[in-house]
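Here is the structure we will look at, set down as structure tokens.
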Amino acid sequence: MLKKKIIFLVGPTAIGKSAIAIHLAKKIDAEIISCDSMQVYSLMDIVTSQPSSTQRKQIKHHLLGVVNPIREYNVARYRKEAIAICDKLFLKGKIPLFVGGSGLYYSVIIDGLFPAIGEDKSIRARLDKELSLKGSSCLFQRLSKVDPLSAKKIHPNDSRRIIRALEVYLKTGLPMSSLQKNRIGLGSEYEIKIFALNANRKTIYNKIDQRVDKMFKTGLINEVQGLLRLKLSKTAFCAIGIRELESYFKGEYDLDEARRLIKRNSRHYAKRQLTWFKKDARIHWVNIKDEETPGEIAKRIWKKLF
RNA sequence: GCCGAGAUAGCUCAGUGGUAGAGCGCGGCCCUGAAAAGGCCGGCGUGGGGGGUCCGAUUCCCUCUCUCGGCA
């Protein structure tokens, strides 16, 4: 029996995924499921560069602007919601086209998430306190005793991951490393095609600069000012642009500096995204040329689909 | 034109008679419930050009070029 197809279009920030995705979706009768940890939030259209309303009218988009930014969001929720949408699309006879740049999010769809517990606020608060009192090496030693395999993988300075691994152990009594072996994703059930866009580093960085300038022109400052009046969740607050403008509002530096930092942090982000994608051997790379239009690129991808 | 200061990494600069560092930038990497987050690694260099002293010069001397101050 022929497996059903799921398509992923990933790539670094600002490279032009959204426009290409719409051309592609039209050709194959797909609907788009956003694969972006920040575009799920509402009220953050400009700072997260969500597809425009005209774009969204052309093709149905899912998981865009659906979470209030005062709420936390995470991979587990994303996985659950995205898979539910996927199932619905298959019933309608549509192809799911995942589009976005969050490496962990797409991998969790394809490869699955190990069955574990979510965040436990009280355990974390306790571990956080221990971290600030005794430092990460103390936590790391504890982890080495209860879960040596995880300790081997996690760097002693990476307190975030040490805490998570300890949290899993304290809550389940099992080392996280053994739970992680249990992972089932959609990859076994469906035919998965992953396309990653890439271009010269310089081209990507130019696109980032242009996008950031455009964000400022279209009302970034007002949007972020409004967001800062809310009590943003720790996850929503992480969107590039918020921290940088908050410091500007506090008078720590001028607007040019804020703009420079937003550009720089976006460059670093794009680099990390590419590192993530590069190690995924399943990816079909699509190197885009400077003069190519979104329609032409979509056509190239389409040809590789069958 | 004269006087002074300087010319070292992509940028701003430190330092030394035994071929060089720091911050930022940049490059590479890791990643399972915060992932646009978090963490790790890497100096990426004809030391302005040319001569001299010295076993040895980026460092000392001479000269040229350029830059920045000050005086005209």
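As the structure is a prediction and not an experimental result, all values here were calculated from the model. Chain A is the first sequence line, chain B the second, and so forth, proteins listed ahead of strands; every chain is numbered from 1.
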Task: Separation of the P atoms in B/rG6 and B/rG48, to the nearest angstrom - done: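 Between the two P atoms, the distance is 13 Å.
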Open item on the list: Please give the distance between the P atoms of B/rU16 and B/rA72 as a whole number of Å.
Closed with: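 That atom pair is separated by 36 Å.
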Task: Letter per nucleotide, 5' to 3', of nucleotides 22-28 of chain B [B base touched, S only sugar-phosphate touched, - untouched; heavy atoms, 4.0 Å] - done: --SSSBB
Grab the [atom1]-[atom2] distance between [X] and [N] for me, whole Å please.
X	N	atom1	atom2	value
A/Y41	B/rA35	OH	P	7 Å
A/Y269	B/rG38	OH	P	13 Å
A/E119	B/rA34	CD	P	5 Å
A/F277	B/rC30	CZ	C1'	15 Å
A/M176	B/rC31	CE	P	12 Å
A/L127	B/rA34	CG	P	13 Å
A/R164	B/rA35	CZ	P	12 Å
A/R77	B/rA35	CZ	P	12 Å

Could you check which nucleotide pairs with [N] in any of the strands shown, counting Watson-Crick or G-U wobble with both distances under 3.5 Å?
N	value
B/rA20	none
B/rA34	none
B/rC68	B/rG4
B/rA14	none
B/rC26	B/rG42

TODO: Could you tell me which residues satisfy salt bridge (charged side-chain N to carboxylate O under 4.0 Å, His left out) with A/D128, sequence neighbours excluded, listed by chain and number?
DONE: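 A/D128 satisfies salt bridge (charged side-chain N to carboxylate O under 4.0 Å, His left out) with no residue once adjacent residues are dropped.
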Task: salt bridge (charged side-chain N to carboxylate O under 4.0 Å, His left out) involving A/K193 - partner list, sequence neighbours excluded - done: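 None.
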Open item on the list: Both A/C238 and A/K153 contact RNA chain B. Taking the nearest nucleotide for each, which residue is further toward the 5' end?
Closed with: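 It is A/K153, whose closest nucleotide lies nearer the 5' terminus.
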- [ ] Starting from the 5' end of RNA chain B, give me the residue, A/Y73 or A/L274, whose nearest nucleotide shows up first.
- [x]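 The residue mapped nearer the 5' terminus is A/L274.
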- [ ] To the nearest 0.5 Å, tell me how far A/M44 CE sits from A/L227 CG.
- [x]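 These two atoms lie 6.0 Å from each other.
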Open item on the list: Measuring from atom CH2 of A/W285 to atom CD1 of A/I194, what distance do you get when rounded to the nearest 0.5 angstrom?
Closed with: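 Output value for this atom pair is 10.5 Å.
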Open item on the list: Test: side chain to side chain donor-acceptor pair (under 3.5 Å). Region: residues 8-30 of chain A. Which pairs qualify, not counting sequence neighbours?
Closed with: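 Those involving residues 8-30 of chain A are A/K26-A/Q58, A/D29-A/K94.
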At 4.0 Å (heavy atoms only), tell me whether [X] reaches a base, stays on the sugar-phosphate, or touches nothing.
X	result
A/Q39	base
A/V168	nothing
A/V108	nothing

TODO: Keeping to residues at least two apart or across chains, list the ring pair (Phe, Tyr, Trp, His ring centres under 6.0 Å) pairs with something in residues 157-201 of chain A.
DONE: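 Sorted pair list: A/F90-A/Y190, A/F195-A/H284.
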TODO: Can you tell me which residue pairs pass the ring pair (Phe, Tyr, Trp, His ring centres under 6.0 Å) test with a partner in residues 231-275 of chain A, sequence neighbours excluded?
DONE: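 Listed by first then second residue: nothing to list.
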Task: Options B/rU32, B/rG39, B/rA35, nucleotide nearest the side-chain atoms of A/M38 - done: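 From the listed options, B/rA35 comes nearest.
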Open item on the list: Show, in sequence, the C-alpha distance, side-chain angles and deciding distance for A/E167 and A/R164, and conclude whether the salt bridge (Lys or Arg N to Asp or Glu O under 4.0 Å) test is met.
Closed with: CA-CA 5 Å; A/E167 173 187 50; A/R164 171 61 182 159; 2.9 Å; yes
Less than 4.0 angstrom between a side-chain N/O of [X] and OP1 or OP2 of [N], yes or no?
X	N	result
A/Y105	B/rA35	yes
A/R161	B/rG39	no
A/N157	B/rG39	no

Open item on the list: Can you classify the ring geometry of A/W276 versus A/Y106 as parallel (below 30°), tilted (30 to 60°) or perpendicular (above 60°)?
Closed with: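 A/W276 and A/Y106: perpendicular rings.
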